[in-house]
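To keep things clear, I will list the structure first and then write my remarks on it.
Note on naming: letters A, B, ... go to the chains in the order of the sequence lines (proteins, then strands), and numbering restarts at 1 for each one.
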Number of protein chains: 2
Amino acid sequence: MSTVTSPSKSAQTRTRILDAAASLFRQVGYGAASLRDIAQKADMQAGSLYYHFDSKDELAEAVMLAGVEGSDAAVRGAVAALSPDASVLDRLEAAFEAHLTFLLSRSDYAVAMLRMLHQTPNSIQQRTLERQRDFGRFFGELFEMAKKEGVIKPALDLSALRMLIFGAMNWAPEWYSDSGLTPSDLAAQLRLLIES
Amino acid sequence: MSTVTSPSKSAQTRTRILDAAASLFRQVGYGAASLRDIAQKADMQAGSLYYHFDSKDELAEAVMLAGVEGSDAAVRGAVAALSPDASVLDRLEAAFEAHLTFLLSRSDYAVAMLRMLHQTPNSIQQRTLERQRDFGRFFGELFEMAKKEGVIKPALDLSALRMLIFGAMNWAPEWYSDSGLTPSDLAAQLRLLIES
DNA sequence: GTCTATAGGTTGATAGAC
DNA sequence: GTCTATCAACCTATAGAC
């Protein structure tokens with residue numbers, strides 16, 4: 001009856017495991033997070049994890065994919081929610097704020113993904129990077145429009161700019177605690193940086 | 001005789017171990033890098049490491065400290081080498097370039113430090129962070145001078161700015177390969193971002 | 001200074017009871 | 001679906017020969 005409207009029991013358990021894994025992967029990295037610790041955090045025994053996931057690698061990939069897709073959905077959603085005649089800079093600022101909010105307060109998944117990426121087996125890494133490039137392209141198009149419209153400094157190189165701004169955002173979880181600055185403050189500062 | 005002019009044999013071995021450890025810590029993180037693998041990369045057996053370091057933690061701390069101090073020395077050196085009447089923006093750009101060059105081409109140590117920091121035991125983490133804050137203060141003072149002289153946008157918040165720019169630089173090892181962009185190009189772009 | 005050997009504990013994964 | 005029990009491989013660290 002409720003197969004569509006509410007998550008099945010199995011799906012709920014799966015989520016509990018993923019939450020626990022994301023939290024531990026974020027804290028200690030891929031290699032040092034043990035399945036026993038993850039299971040304990042999800043209130044089960046290590047062996048039981050294998051009913052839901054075939055291997056540690058598969059679990060890691062699921063966490064990382066959820067991280068990228070969560071950021072992507074948050075950012076695209078925030079931009080789509082703006083009035084259709086919003087300026088490019090307004091859209092960029094909304095995208096900055098959504099990504100920062102997701103990284104800084106909503107989810108262990110995205111931060112776990114960023115920290116794990118270079119520690120996971122190559123095939124997983126490649127698939128995750130491909131998904132991430134798609135996310136990056138969304139920002140890339142916004143930057144391109146901004147340049148064409150002349151609202152950012154003309155001397156800025158688009159590919160450098162995109163990666164530098166991504167860095168500024170992705171690094172935030174490393175230092176942000178409660179500095180008094182909100183994701184919205186930081187997004188405004190980033191806008192200020194690129195504006196001509 | 002040569003106790004001062006050339007490194008002792010023991011110091012050379014120590015460096016070989018540190019190089020191997022920095023490379024592996026950078027690649028797979030603190031928890032997943034085994035002493036066996038580190039020893040193999042340094043052409044020795046795992047047990048022999050203990051003649052030079054008391055524990056894996058001590059080895060990790062030595063790598064991280066070398067990472068921070070290497071960045072610090074590179075940046076302060078580059079700024080000190082400028083003509084005494086160089087502008088604040090010139091000094092900032094030189095600092096950017098030195099830090100980026102160190103991160104992107106000179107050393108596994110700094111990148112290993114950045115990636116390991118949150119995976120190491122708390123006491124090590126605290127000591128490393130303290131040393132890192134000292135490094136950060138150097139940049140902070142340059143930003144402060146720039147603001148006082150009015151050469152950066154007045155609406156920029158100094159503490160946000162410092163962390164965002166650090167993020168843009170510290171994230172670079174995650175994406176930089178041979179994009180055609182040099183550390184010098186990136187430093188120029190960063191200068192462009194903050195200039196009023 | 002570096003080796004071999006090994007202690008004692010943890011790891012990812014599997015098998016089978018319930 | 002979850003448990004317990006277990007395997008083989010691996011880990012950090014130590015001891016003692018050379």
Side-chain angles (χ1 to χ4, degrees), chain A residues 2-3 6-64 112 116 119-125, chain B residues 2-3 6-64 112 116 119-125:
Chain A
S2 60
T3 49
S6 80
S8 69
K9 184 81 190 299
S10 164
Q12 276 182 279
T13 307
R14 200 185 140 93
T15 299
R16 223 175 60 236
I17 296 169
L18 285 169
D19 284 349
S23 164
L24 270 169
F25 284 143
R26 169 184 181 150
Q27 270 182 60
V28 302
Y30 171 73
S34 78
L35 292 179
R36 276 173 177 79
D37 289 348
I38 292 171
Q40 192 189 30
K41 196 155 200 157
D43 288 313
M44 11 177 19
Q45 298 302 310
S48 312
L49 293 175
Y50 285 84
Y51 178 82
H52 301 273
F53 297 92
D54 284 345
S55 68
K56 185 182 180 180
D57 285 0
E58 201 190 285
L59 178 54
E61 185 166 1
V63 167
M64 294 204 291
M116 272 202 290
Q119 305 176 2
T120 47
N122 228 285
S123 60
I124 296 181
Q125 204 175 120
Chain B
S2 62
T3 49
S6 79
S8 68
K9 184 82 189 300
S10 164
Q12 276 182 279
T13 307
R14 200 185 141 94
T15 299
R16 224 175 59 236
I17 295 170
L18 285 169
D19 284 348
S23 164
L24 270 169
F25 283 143
R26 169 183 181 151
Q27 270 182 60
V28 301
Y30 171 74
S34 79
L35 293 178
R36 273 178 177 77
D37 290 347
I38 293 171
Q40 192 189 29
K41 196 156 200 154
D43 289 313
M44 15 177 15
Q45 298 302 309
S48 311
L49 294 175
Y50 286 84
Y51 177 81
H52 301 274
F53 297 93
D54 284 345
S55 68
K56 184 181 180 181
D57 285 0
E58 200 190 284
L59 178 53
E61 184 165 0
V63 167
M64 294 204 291
M116 273 201 292
Q119 304 174 4
T120 47
N122 228 286
S123 62
I124 296 182
Q125 205 174 121

Please examine the side chains of Asp19(A) and Lys41(A), heavy atoms only from C-beta on, and report whether any two atoms are closer than 4.5 Å.
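Not touching, per the 4.5 Å side-chain cut-off.
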Can you tell me if CD on Glu58(B) sees more than 12 non-hydrogen neighbours from other groups inside 6.0 Å?
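For Glu58(B), atom CD is crowded (more than 12 foreign heavy atoms under 6.0 Å).
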More than 12 heavy atoms of other groups within 6.0 Å of Gln12(B) CD
yes
At less than 4.0 Å, is any side-chain N or O atom of [X] found next to OP1 or OP2 of [N]? Yes or no.
X        : N       : answer
Ser48(A) : dG1(D)  : no
Gln45(A) : dT4(D)  : yes
Ser34(A) : dC11(D) : no
Ser10(A) : dG1(D)  : yes
Ser55(B) : dT12(D) : no

For [X] and [N], what is the distance between atoms [atom1] and [atom2] respectively, to the nearest whole Å?
X        : N       : atom1 : atom2 : value
Leu59(B) : dA13(D) : CG    : P     : 10 Å
Lys9(A)  : dG1(D)  : NZ    : C1'   : 8 Å
Glu58(B) : dT12(D) : CD    : C1'   : 14 Å
Leu35(B) : dT2(C)  : CG    : C1'   : 16 Å
Met44(B) : dC3(C)  : CE    : C1'   : 10 Å
Tyr51(B) : dA13(D) : OH    : P     : 19 Å
Leu49(B) : dT14(D) : CG    : P     : 13 Å
Leu24(A) : dT11(C) : CG    : P     : 11 Å

Where each residue is assigned the nucleotide of DNA chain C containing its nearest heavy atom, which of Asp54(A) and Asp43(B) is assigned the position nearer the 5′ end?
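Of the two residues, Asp43(B) wins.
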Closest-nucleotide ordering on DNA chain C, the 5'-leading residue of Arg36(B) and Arg16(B):
Arg16(B)
Can you confirm if the NZ or CZ of Lys56(A) lies within 45° of the ring axis of Tyr50(A) and under 6.0 Å from the centre of its six-membered ring?
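Not flagged: Lys56(A) not positioned over aromatic ring of Tyr50(A).
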Determine the contact category for Ala33(B): base if any of its heavy atoms lies under 4.0 Å from a base atom, sugar-phosphate if only primed atoms, P, OP1 or OP2 are that close, otherwise nothing.
sugar-phosphate
Proximal nucleotide (of dA13(D), dT2(C), dG1(C)) relative to the Lys56(B) side chain:
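Within the option list, the nearest is dA13(D).
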Among dA13(D), dA13(C), dC3(D), the one nearest Tyr50(A) by side-chain distance
dA13(C)
Interatomic distance, Leu59(A) atom CG to Asp54(A) atom CG [nearest 0.5 angstrom]:
11.0 Å
